[in-house]
Amino acid sequence: QVQLVESGGGLVQTGGSLRLSCAASGRTFSDYAIAWFREAPWQGREFVAVITQSGRSTIYSDSAKDRFTISRDNAKNMVTLQMNSLKPEDTAIYYCAAGSDPWPQAGGYRVWGQGTQVTVSS
């Protein structure tokens, strides 16, 4: 069963960039759609982006679509979320998640990483 570990979070100023990585363990990585969600204090997990098993299709939230890019390298068992033009509203813990289908709802994913903190200062 796939296991996920996020990395790359940190503190950046408004307008800056971060690249988050989701590293997967296991031999079935390419069987899963991989999504990014984020969770701010007192809020539920918000969909950010998802990439299909093949990497040929992506879906973005309205907030992410013009600023973030999700990609995957199945040979490296890695998914990346490139985040540009960051805003304070992007501050959250970012999680990657694996599921059978690329749905923009947290309930559609059964395997989650531990999260990585992104803080955007003004």
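Atom set for the values below is all heavy atoms of this structure, side chains included, hydrogens, waters and symmetry mates excluded.
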pair [X]-[Y]: side-chain heavy atoms closer than 4.5 Å:
| X | Y | answer |
| --- | --- | --- |
| Q82 | L20 | no |
| T14 | P88 | yes |
| R19 | S7 | no |
| V48 | Y94 | yes |
| Y60 | I70 | yes |
| M78 | F29 | no |
| Q114 | E6 | yes |
| R67 | D90 | yes |

Common cluster, [X]/[Y], ILVMFWY with side-chain heavy-atom separation under 4.5 Å:
| X | Y | value |
| --- | --- | --- |
| F68 | W36 | yes |
| V50 | L4 | no |
| V111 | I51 | yes |
| I59 | Y32 | no |

Point to revise | Q3 atom CD, neighbour heavy-atom count above 12 within 6.0 Å | key: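 Counting neighbours around CD of Q3, 12 or fewer heavy atoms of other residues, nucleotides or ligands fall under 6.0 Å, so no.
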Review point. Excluding sequence neighbours, so at least two apart, what forms side chain to side chain donor-acceptor pair (under 3.5 Å) with Y109?
Key: none
Review point. Which residues, ordered by chain and number, are linked to V5 in its hydrophobic cluster, where ILVMFWY side chains connect at heavy-atom gaps below 4.5 Å, directly or through other members?
Key: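 Once heavy-atom contacts under 4.5 Å are chained together, V5 still belongs with nothing else.
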Review point. M83 and V118: side-chain contact (heavy atoms from CB on, under 4.5 Å), yes or no, with the steps?
Key: CA-CA 10 Å; M83 305 189 297; V118 171; 3.8 Å; yes
Check your understanding: Got a donor-acceptor contact below 3.5 angstrom from the D73 side chain to the A75 backbone?
Key ->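 Present.
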**Study point:** Side chain T28, main chain D31, donor-acceptor under 3.5 Å
**Key:**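 Checking the backbone N and O of D31 against the side chain of T28, no donor-acceptor pair under 3.5 Å is found.
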Check your understanding: What do you reckon, are the aromatic ring centroids of F37 and W112 less than 6.0 Å apart?
Key ->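 Yes, the ring centres sit under 6.0 Å apart.
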Exercise for review: Measure from NZ or CZ of R45 to the centre of the six-membered ring of Y95, then state whether that distance is under 6.0 Å and the direction lies within 45° of the axis.
Suggested key: yes
